[in-house]
Amino acid sequence: MIYYSTNNPNLEVSLQEAVVKGLAADRGLFMPERIPSLPKAFFNNIGNMSLQEISFIVANTLFGKDVESEVLKDIVYDTLNFDIPLKHVTGNMYSLELFHGPTLAFKDVGARFMARLLGYFNSKSNDKSMVNVLVATSGDTGSAVANGFLGVPGVRVFVLYPQGKVSRIQESQFTTLGKNITAIEVNGTFDDCQALVKNAFMDKELNQRMKLTSANSINVARFLPQMFYYFYAYAQIAKRGQKLDNIVVAVPSGNFGNICSALIGKAMGLPIKRFIAANNSNDVFYQYLQTGKYEPRKSIQTIANAMDVGDPSNFARVLDLYHHSHAAICKDISGCTYTDEQIAETMKETYDNQGYLLDPHGAVAYRALLEGLDDDETGIFLETAHPAKFKGTVEQILGTDIQVPEKLLAFMRGTKKSVRIGANYTSFKQVLIDSL
Ligand SMILES: *Cc1c(COP(=O)(O)O)cnc(C)c1O
């Protein structure tokens, strides 16, 4: 499959190049040149298939021409060695629990797939030198990427994070791993960390000395595999013998990578009737749906902080997929926006009345179903992270203690190791050079 840039359809690259480069040379995002269709027969039998079986068929349809079948199967089965169950919450509403992976968030899926695919491309390449993944994080991305790449041969990861601005649970998920993961604690802000990474990518001399790449959600190998679990959600509705022709999916959205992969899944044949892009107060996409105008702005802090995005990076992909037609976008996607008070209220009521524990991100999407689902529809919302990852916030809202899963406690028992630097590029570059 050829991948082209959203800025220029004539800028074409292979899957390998798209994965290694991340971003196109003209700063556009890569899109698959053709959206392949899945056969009808696949959907007739889907209720009898496992997450791994379904994901391999979808992956093979997308990547089968670029990666040997046996290799791709190993990558998919290894990536998805945990379940993504669909749980009934109330009435016609279900939660797709995406927090059963190693760092208890949906980003595990894309990060694990990308790590394995990059490792494979690196082993195939004539140039056997290390690939160095640089990632700036305000919390969740760093843990998913570090754990996804842990122990992958030929790849090293540098996680930059702002000192004292990441929760202890989050910090422990990328500072206690060791091996091929280096945590860099920057005396500065998240924006400083991002600027340091950007500087490194633009440093010609450094790029001649070492292979650098990024692992953020614009990478096709992180973003496309997210569609696997939408097919599996559909399969679980089929398995329950529920109606399949009126399924609505609500996605808590920040950079819009997650929902965008689902839209491509729909274009491949997944029978989802419509989507709801659920926003917190950072609602530029919601405003775009109302007015047809896209006006990015600075993000504001909310309790669903992984969605605090003022200029969603995957918006370019949504536009491209619908040929820049506002009407076509509005036909498939509606929006909503909720304040912190509304998010908290939804978490509290759902816990008290349904006994279901929501995290702040999932709560945004669940409320979207509560307000926007018709009686004859079946609603699925994405629970994108385990509530314990936001323990302080969740406990304060619910007024009760919540249990922290053993997987998270295990990280917290580890020994923290980090390299401390000031927020200046010379120090960062020195850490990278010293690693050679
Ligand atoms: C990253 C993240 C999101 C937003 O996903 P996008 O793909 O950026 O839209 C939602 N919830 C959680 C918990 C996240 O970590």
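Order of appearance sets the numbers: ligands from 1, and atoms from 1 within every ligand. The first residue of the sequence shown is numbered 1, and numbering continues consecutively from there.
Backbone and side-chain nitrogen or oxygen atoms of G257 are examined, and one is located within less than 3.5 angstrom of a nitrogen or oxygen of ligand 1. Looking at ligand 1, you'll find an N or O of D140 within less than 3.5 Å of one of its N or O atoms. Residue contacts with ligand 1: D359 is placed with no nitrogen or oxygen under 3.5 Å of a nitrogen or oxygen of the ligand (distance criterion only).
Those atoms of ligand 1 with a heavy atom of M307 less than 4.0 angstrom away are 10 (C). Near A385, meaning under 4.0 Å from any of its heavy atoms, are these atoms of ligand 1: 13 (C). Residue-ligand proximity, P252 to ligand 1, at heavy-atom distances under 4.0 Å covers atoms 4 (C), 10 (C).
Scanning the protein for heavy atoms near atom 1 (C) of ligand 1, the closest one is K107 NZ, 1.5 Å. Looking only at heavy atoms of the protein, atom 8 (O) of ligand 1 is closest to N255 N, 2.8 Å. The closest protein non-hydrogen atom to atom 4 (C) of ligand 1 is G254 N, 3.6 Å. In terms of protein heavy atoms, atom 11 (N) of ligand 1 is closest to T384 OG1, 2.8 Å.
Note: F99 and H386 have perpendicular aromatic rings, judged against thresholds of 30 and 60 degrees for the angle between ring planes. Below 30°, between 30° and 60°, or above 60°: for H361 and F390 the angle between ring planes is between 30° and 60°, a tilted geometry. Between F285 and Y288, the ring planes lie tilted relative to each other; the angle falls in the 30° to 60° range. The aromatic rings of F231 and F42 are tilted relative to each other, their planes meeting at an angle between 30° and 60°.
One option in F99, F106, F256 has a heavy atom closer to atom 5 (O) of ligand 1 than any other, and that option is F106.
Atom CZ of R413 sits in a crowded spot, with more than 12 heavy atoms from other residues, nucleotides or ligands closer than 6.0 Å.
Close placement of the F174 and Y161 rings is indicated, their centers lying within 6.0 Å of each other. For H88 and Y94, the ring centers sit closer than 6.0 Å to each other. The ring of Y366 has its center closer than 6.0 angstrom to the ring center of F381.
Using a non-hydrogen distance threshold of 4.0 Å, S253 registers as a contact of ligand 1. Ligand 1 is never approached by F223 to a heavy-atom distance shorter than 4.0 Å.
Taking all atoms of both residues into account, the shortest heavy-atom contact from V19 to A221 is CG2-CB, 3.8 Å.
Side-chain contact of R156 with N132: a donor-acceptor pair under 3.5 Å is present, judged by distance alone.
If you look at N258 next to ligand 1, the close heavy atoms, those under 4.0 Å, come from the backbone and the side chain alike. Of the heavy atoms in Q226, none comes closer than 4.0 Å to ligand 1.
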